[in-house]
Asker: 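This is the structure I have questions about; it appears just below.
A, B, ... follow the sequence lines: proteins, then strands. Residue 1 opens every chain. When reading the values below, keep in mind they use all heavy atoms of this one structure, side chains included, and skip hydrogens, waters and symmetry mates.
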Amino acid sequence: MKKFKRYTVTSALPYANGPVHIGHLAGVYVPADIYCRYLRLKGEDVVFIGGSDEHGVPITLRARKEGVSPQDVVDRYHNLIKKSFEDFGISFDIYSRTSNKTHHETAQEFFLTLYNKGELIEKTEHQFYDEVENQFLADRYILGTCPKCGAEDAYGDQCEKCGSSLSPTELINPRSAISGSKPVLKQTKHWYLPLDKYEQELSHWILEEHKEWKPNVYGQCKSWLDSGLLPRAVTRDLDWGVPVPLKEAQNKVLYVWFDAPIGYISATKELTPDWEKYWKDPDTKLVHFIGKDNIVFHCIIFPSMLKHEGSYILPDNVPANEFLNLEGDKISTSRNWAVWLHEYLEEFPGKQDVLRYVLCANAPETKDNDFTWKDFQTRNNSELVAIYGNFVNRALVLTHKYFEGKVPEPKVITEYENSIKEEVRRIKLAIENNIENYRFREALREAMNISRLGNKYLADTEPWKIFKTDPERVATILYYSIQLCAITAVLTEPFLPFTSNKLFNILNIKKNIWEETEKFDLIPVNHTLNKPELLFEQIDDATIEKQIEKLLKTKESNQKQMKNIAPQKETINYEDFAKLDLRIGTILEAEKVPKADKLLKLTIDTGLDKRTVVSGIAEFFTPEQIIGQKVCILINLAPRKLRGIESQGMILMAKDNDGRLKFVTVNDTCDNGSEVS
RNA sequence: GGCGAGGUAGCUCAGUUGGUUAGAGCGCAUGAUUCAUAAUCAUGAGGUCGGCGGUUCAACCCCGCCUCUCGCUACCA
């Protein structure tokens, strides 16, 4: 394996339109922090980079909604996020932001280099333009009636009512979200990164040279590469972002995904004038910690940018984690289904390490995992308190009791002490090996083994029984126990830095470096120890129930909102209604449409004729169970091809309380063809 | 529908190139113990390794089919 001279470690930039939650922590920041703290203890040269991603349309929308500037929005969240990371002990060397000057300059320079090298391709296309405000409209800035469900306020990229993804030109009666005017299609020029051209070299680089990447990352990349890459636009018509540094690009900014990863570079620039060696020297190991939603950017797009800029190194690894769920449900910012870091820090003061421990021990390294408060409590009480805290407390209390808090001199060393030394060496190696291969769960499990070893040592040797008869033996036992405490403090520091600090204070020593732990002499004989205080405390049922209660309330208020009945749509004339030709019909045949999950091909007897209708109900009904079903059908809807089958009408459906579709139907005495009015 | 990742003890996870009785932590049961935050230590009970079939002297591990979960993608008039 290659030996690197230094490390550049980045963690995904959190988007500055909301606070950070446990999902972000477990997936990205806790593992990245463990990795960096470990490297520093090993004496490696490492920079740990973080920062807020502050551009993009969602931030401008939030700003507009709140009647403030985008800068106000990102200031608020940037400061909140930065503070909570600091308080949580995420040891960034710099936590920067993409709205600052250095970043704008760096991103523009990067773009210009690609542009001047002729790497970018230019394309002119039509896009909606607001003539009142004189600006192009991003997809999110266009509102209109959803062509699928009829909701009035669908966005140009998605309808939030029915969840369909849309393109702006599909919207019925599109209007500008800014001025409310009817937008017009207008030409605009944009620049693209020709990913299709890079496909071969990317395939080789990932699929051949990086077989060691995690299976989820490797597989996802393979999936993208196999299905073929398309050129990707790197510019947008917007006014919030990094301006495109070209004269012909007035009112255009770099696309947020293009500027955001460059933020890693700008942050390093701000950190040190010597930044280039961390990004351009092949002896530097570049590692990106991200969540699985970011794989394509960090494995395909950003490396393409770095490679074709020409002077940068590529990532050595991209250890992406899966997702963390909360009490069985997906974490969701919009549904407030999350444990927010800033709230945790307030509600559990001094317990940063408990959360760090739980999130690492249960990290979604190989598959999605679930965070539960019950598990949080159990891990605190029966692992941190009972194993780690308890061992340290026992060793210290005994030393104070028998030797006035001074480290006794070891006398005769037995086989037992030797086997302990050997086991510690094995554990240390196991931790190193696991961390270096991004297996933090396993590394933490091994780190806890030192305390397990200590507890067993004390139980086996029983110093409290033999002190009267053999104080010399007790001296040896406690010397070793105290050394174990010091070793634990060092080897668990990457995972539990606050606890290690506390323990160093109790032991009355300075923080040590990693390699010293093998010697078993971190604390000299006769050294005076401070009075023991508890490293961890029990968390009782009431505390846990309070948190669960809080989540239940969130759930209730979410359900209430779900039951909110959509407001009445605007008034129409009778003529508008009379245009609809609604009839009663009967389903004669039904079959699944091949290669489509949601579609059924139905043959309907409308009374007038027998016709084919394709309907998106396959998730809720099997073909057999709906044959003979009386339905209400809109028969004069313009026919449309779906999956190659022409659909001649639309079946009316309603959603029940659980979101399942139900037929709008009538009793049997209505014949097919009966008009609905 | 296509692609990707996963389905191993109650829970969270290990299982190296296929090789004898499938492992760990937590939980549980029993016993021991009291220096320690009812903490600790020992022992034990729990698994037809998602299902079916195949290759092999031998499969959790290789191949095929099926099924469930998560993600990307197509589709939902």
Side-chain angles (χ1 to χ4, degrees), chain A residues 146-150 162-165 214-227 291-293 295-296 320 322-323 325 330 358 361-370 372 374-375 378-379 381-402 434 439 441-442 444-446 448-449 451-452 454-465 467 474 477-478 481 532-538 592-600 613-620 634 637-644 647-653 661:
Chain A
C146 174
K148 312 206 173 180
C149 73
C162 67
S164 311
S165 52
K214 290 173 61 169
N216 57 341
V217 176
Y218 186 90
Q220 186 74 72
C221 289
K222 189 169 175 350
S223 173
W224 278 86
L225 288 166
D226 287 351
S227 60
K292 67 173 163 185
D293 51 339
I295 290 174
V296 64
E322 301 286 301
F323 288 155
N325 293 326
K330 279 179 206 175
V358 174
N362 192 26
E365 285 181 7
T366 50
K367 64 169 188 193
D368 290 0
N369 255 342
D370 200 23
T372 66
K374 190 81 197 117
D375 181 61
T378 305
R379 287 195 186 274
N381 292 354
S382 56
E383 294 179 31
L384 289 176
V385 172
I387 297 168
Y388 185 0
N390 186 37
F391 166 62
V392 169
N393 192 39
R394 296 171 82 183
L396 284 159
V397 166
L398 286 168
T399 307
H400 275 277
K401 184 167 176 180
Y402 297 136
N434 280 309
R439 292 188 297 252
R441 273 192 315 222
E442 190 58 26
L444 178 56
R445 210 165 291 166
E446 287 289 357
M448 289 297 284
N449 277 336
S451 297
R452 291 196 181 93
N455 276 320
K456 183 166 161 49
Y457 182 47
L458 289 179
D460 288 344
T461 54
E462 299 183 302
W464 53 89
K465 267 193 182 165
F467 183 69
V474 174
I477 294 166
L478 290 180
S481 299
E533 54 178 303
L534 298 179
L535 293 181
F536 305 99
E537 53 187 27
Q538 293 273 350
K592 270 214 74 167
V593 175
K595 297 184 180 181
D597 281 353
K598 299 184 182 177
L599 301 181
L600 289 185
V613 172
V614 177
S615 187
I617 58 175
E619 286 176 297
F620 305 99
L634 176 63
L637 186 69
R640 167 153 171 169
K641 272 200 173 178
L642 289 170
R643 282 266 146 201
S647 180
Q648 301 160 315
M650 180 169 132
I651 307 289
L652 269 51
M653 307 292 293
L661 292 177

Asker: What's the gap between G23(B) and G47(B) when it is taken at their P atoms, as a whole Å value?
Answerer: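 Per the computed distance, 14 Å lies between those P atoms.
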Asker: Report which part of the nucleic acid Leu642(A) touches: base, sugar-phosphate, or nothing (heavy-atom distance under 4.0 Å, all strands).
Answerer: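 Sugar-phosphate, backbone atoms only, no base.
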Asker: Generate the contact string for nucleotides 25-30 of chain B. Rules: B means base contact, S means sugar-phosphate contact only, - means no protein heavy atom under 4.0 Å.
Answerer: SSS---
Asker: Measure from the side-chain N and O atoms of Lys598(A) to the backbone N and O of Glu619(A), and report whether any donor-acceptor pair falls under 3.5 Å.
Answerer: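 No, because the side chain of Lys598(A) does not come within donor-acceptor range (under 3.5 Å) of the backbone of Glu619(A).
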Asker: List in chain and number order the residues that pass side-chain contact (heavy atoms from CB on, under 4.5 Å) with Val296(A), two or more places apart in sequence or in another chain; answer none if no residue qualifies.
Answerer: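 Once residues adjacent in sequence are excluded, the partners of Val296(A) under the side-chain contact (heavy atoms from CB on, under 4.5 Å) criterion are Trp224(A), Ile300(A).
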Asker: When we call it a touch if two heavy atoms are under 4.0 Å apart, what does Lys214(A) touch: a base, just sugar-phosphate, or nothing?
Answerer: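 Touches nothing.
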Asker: Applying side-chain contact (heavy atoms from CB on, under 4.5 Å), can you list everything that pairs with Lys401(A), at least two apart in sequence or on another chain?
Answerer: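 With sequence neighbours excluded, Lys401(A) shows a side-chain contact (heavy atoms from CB on, under 4.5 Å) to no residue whatsoever.
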Asker: Enter the distance from Leu535(A):CG to Phe391(A):CZ here, rounded to the nearest 0.5 Å.
Answerer: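 Between atom CG of Leu535(A) and atom CZ of Phe391(A) there are 11.0 Å.
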Asker: What's the gap between U67(B) and U55(B) when it is taken at their C1' atoms, as a whole Å value?
Answerer: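 The answer is 23 Å between these two C1' atoms.
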Asker: Say you pick atom C1' in U34(B) and the same atom in A39(B); how far apart are they, in whole Å?
Answerer: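 These two C1' atoms come out 10 Å apart once rounded.
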Asker: If you restrict it to nitrogen or oxygen atoms, what contacts under 3.5 Å exist between nucleotides 2-6 of chain B and the protein, and what is each distance?
Answerer:
| unit_1 | atom_1 | unit_2 | atom_2 | d |
| --- | --- | --- | --- | --- |
| C3(B) | O2' | Ser223(A) | OG | 2.9 |
| G4(B) | O2' | Gln220(A) | N | 3.4 |

Asker: Compare side-chain N and O positions of Lys456(A) against OP1 and OP2 of A42(B) and report whether any pair is under 4.0 Å apart.
Answerer: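 Answer yes for this pair, as a side-chain N or O of Lys456(A) is under 4.0 Å from OP1 or OP2.
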Asker: What's the spacing between Gln220(A) CD and Asp293(A) CG if we round to 0.5 Å?
Answerer: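 One finds 10.5 Å between CD of Gln220(A) and CG of Asp293(A).
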Asker: Strictly by modelled atom types, are Asn449(A) and Arg452(A) linked by a side-chain donor-acceptor pair under 3.5 Å?
Answerer: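 Distance-only check passes for Asn449(A) and Arg452(A).
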Asker: Looking at Arg441(A), does any N or O in its side chain come under 4.0 Å of the phosphate oxygens OP1/OP2 on A14(B)?
Answerer: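 For Arg441(A), the contact criterion (side-chain N or O under 4.0 Å from OP1 or OP2 of A14(B)) is met.
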Asker: Does Ser647(A) use its side chain to pair, donor to acceptor, with the backbone of Val613(A) at less than 3.5 Å?
Answerer: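 No: the side chain of Ser647(A) does not pair with the backbone of Val613(A).
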Asker: Between the side chains of Asn434(A) and Glu442(A), does any donor sit under 3.5 Å from an acceptor?
Answerer: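 Judged by distance alone, the side chains do not pair up.
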Asker: Using the C1' atom on both, measure A58(B) against U21(B) and round to a whole Å.
Answerer: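 Comparing C1' positions in A58(B) and U21(B) gives a spacing of 16 Å.
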Asker: Report yes if a side-chain nitrogen or oxygen of Lys330(A) is closer than 4.0 Å to either non-bridging phosphate oxygen (OP1 or OP2) of G71(B); otherwise report no.
Answerer: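 Checking Lys330(A) against G71(B): at least one side-chain N or O falls below 4.0 Å of OP1 or OP2.
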Asker: Can you tell me how far apart CG (Leu652(A)) and CG (Leu661(A)) are? Round to the nearest 0.5 Å.
Answerer: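 Result: 11.5 Å between the selected atoms.
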Asker: In terms of base orientation, is G46(B) syn or anti, with the syn window spanning 90° either side of 0?
Answerer: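 You should classify G46(B) as syn.
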Asker: Measure the distance from CG on Leu599(A) to C1' on A77(B) and round it to the nearest whole Å.
Answerer: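 About 11 Å, once rounded to whole Å.
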Asker: Could you tell me how far C65(B) sits from A74(B) if I compare only their P atoms? Round to whole Å.
Answerer: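 Looking at atom P only, A74(B) and C65(B) are 25 Å apart.
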Asker: In whole Å, I'd like the distance from the CZ atom of Arg640(A) to the C1' atom of C75(B).
Answerer: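 It works out to 10 Å between those atoms.
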Asker: Map Ala638(A) and Asp370(A) onto RNA chain B by nearest heavy atom, then report which one ends up closer to the 5' terminus.
Answerer: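 That would be Asp370(A).
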Asker: Quickly work out the Leu652(A) CG to C76(B) C1' distance and round it to whole Å.
Answerer: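 Leu652(A) atom CG is separated from C76(B) atom C1' by 15 Å.
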Asker: Please give, in whole Å, the distance from U12(B) C1' to Asp375(A) CG?
Answerer: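 Nearest whole value for this atom pair: 7 Å.
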Asker: Report each atom pair, protein N/O against N/O of nucleotides 33-38 of chain B, whose distance is under 3.5 angstrom.
Answerer:
| unit_1 | atom_1 | unit_2 | atom_2 | d |
| --- | --- | --- | --- | --- |
| C35(B) | O2 | Arg394(A) | NE | 3.2 |
| C35(B) | N3 | Arg394(A) | NE | 3.1 |
| C35(B) | N3 | Arg394(A) | NH2 | 2.6 |
| C35(B) | N4 | Arg394(A) | NH2 | 2.8 |
| A36(B) | O3' | Asn393(A) | ND2 | 3.3 |
| A36(B) | O2' | Asn390(A) | OD1 | 2.9 |
| A36(B) | O2' | Asn393(A) | ND2 | 3.2 |
| A36(B) | N3 | Asn390(A) | OD1 | 3.4 |
| A36(B) | N3 | Asn390(A) | ND2 | 3.4 |
| A36(B) | N3 | Arg394(A) | NE | 3.0 |
| U37(B) | O2' | Gln538(A) | NE2 | 3.4 |
| U37(B) | N3 | Phe536(A) | O | 2.6 |
| U37(B) | O4 | Phe536(A) | N | 3.4 |
| U37(B) | O4 | Phe536(A) | O | 2.7 |

Asker: Which whole number of Å gives the distance between the P atom of G50(B) and that of G44(B)?
Answerer: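 It works out to 26 Å between them.
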Asker: Checking Arg379(A) now: which residues fulfil salt bridge (Lys or Arg N to Asp or Glu O under 4.0 Å) with it, not counting sequence neighbours?
Answerer: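 Result, salt bridge (Lys or Arg N to Asp or Glu O under 4.0 Å) vs Arg379(A): Asp375(A), Glu383(A).
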Asker: Distance check needed: A77(B) P versus Leu600(A) CG, whole Å only.
Answerer: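 So the CG-P distance, Leu600(A) to A77(B), works out to 11 Å.
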Asker: Base, sugar-phosphate or nothing for Asn369(A)? Non-hydrogen atoms, less than 4.0 Å.
Answerer: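 Here Asn369(A) touches the backbone only, sparing every base.
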Asker: Can you name the side-chain contact (heavy atoms from CB on, under 4.5 Å) partners of Ala596(A), sequence neighbours left out?
Answerer: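 For Ala596(A), the residues satisfying side-chain contact (heavy atoms from CB on, under 4.5 Å) (neighbours in sequence not counted) are Val593(A), Leu599(A), Arg643(A).
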Asker: Between U73(B) atom P and Arg643(A) atom CZ, what is the distance in whole Å?
Answerer: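 The distance from CZ of Arg643(A) to P of U73(B) comes to 15 Å, rounded to the nearest Å.
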Asker: Looking at residues at least two apart in the chain, or sitting in another chain, which of them share a salt bridge (Lys or Arg N to Asp or Glu O under 4.0 Å) with Glu537(A)?
Answerer: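 Salt bridge (Lys or Arg N to Asp or Glu O under 4.0 Å) check on Glu537(A) returns Lys351(A).
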Asker: What's the gap between A14(B) and A22(B) when it is taken at their C1' atoms, as a whole Å value?
Answerer: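 Those two atoms are separated by 11 Å.
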Asker: Out of curiosity, Ile387(A) CD1 to Met448(A) CE, how far, rounded to the nearest 0.5 Å?
Answerer: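 CE of Met448(A) is found 5.0 Å from CD1 of Ile387(A).
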Asker: Would you sketch RNA chain B in dot-bracket for me? Only Watson-Crick or G-U wobble pairs with both distances under 3.5 Å count, crossing pairs as [ ], other-strand pairs as |, the rest as dots.
Answerer: (((((((..((((.....[...)))).(((((.......))))).....(((((..]....))))))))))))....
Asker: For Glu462(A), what residues pass the salt bridge (Lys or Arg N to Asp or Glu O under 4.0 Å) criterion, not counting sequence neighbours?
Answerer: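 Applying salt bridge (Lys or Arg N to Asp or Glu O under 4.0 Å) to Glu462(A) gives Lys465(A).
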Asker: Can you tell me how far P of U12(B) sits from CG of Asp368(A), to the nearest Å?
Answerer: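 Taking atom P of U12(B) as the reference, CG of Asp368(A) is at 12 Å.
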Asker: Between G10(B) and C49(B), how far is it from one P atom to the other, in whole Å?
Answerer: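 Straight-line distance between the two P atoms is 13 Å.
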Asker: Rounding to an integer number of Å, can you tell me how far Phe391(A) CZ sits from C41(B) C1'?
Answerer: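 After rounding, the gap between these two atoms is 14 Å.
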Asker: Using the side-chain contact (heavy atoms from CB on, under 4.5 Å) criterion, which residues pair with Asn369(A)? Sequence neighbours excluded.
Answerer: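 Only Leu324(A), Asn362(A), Pro364(A), Lys367(A), Arg441(A) meet the side-chain contact (heavy atoms from CB on, under 4.5 Å) criterion with Asn369(A).
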Asker: Name all residues meeting the salt bridge (Lys or Arg N to Asp or Glu O under 4.0 Å) criterion together with Asp368(A); count only those two or more places apart in sequence or in a different chain, and write none if there are none.
Answerer: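 Per chain and number, Asp368(A) pairs via salt bridge (Lys or Arg N to Asp or Glu O under 4.0 Å) with Lys292(A).
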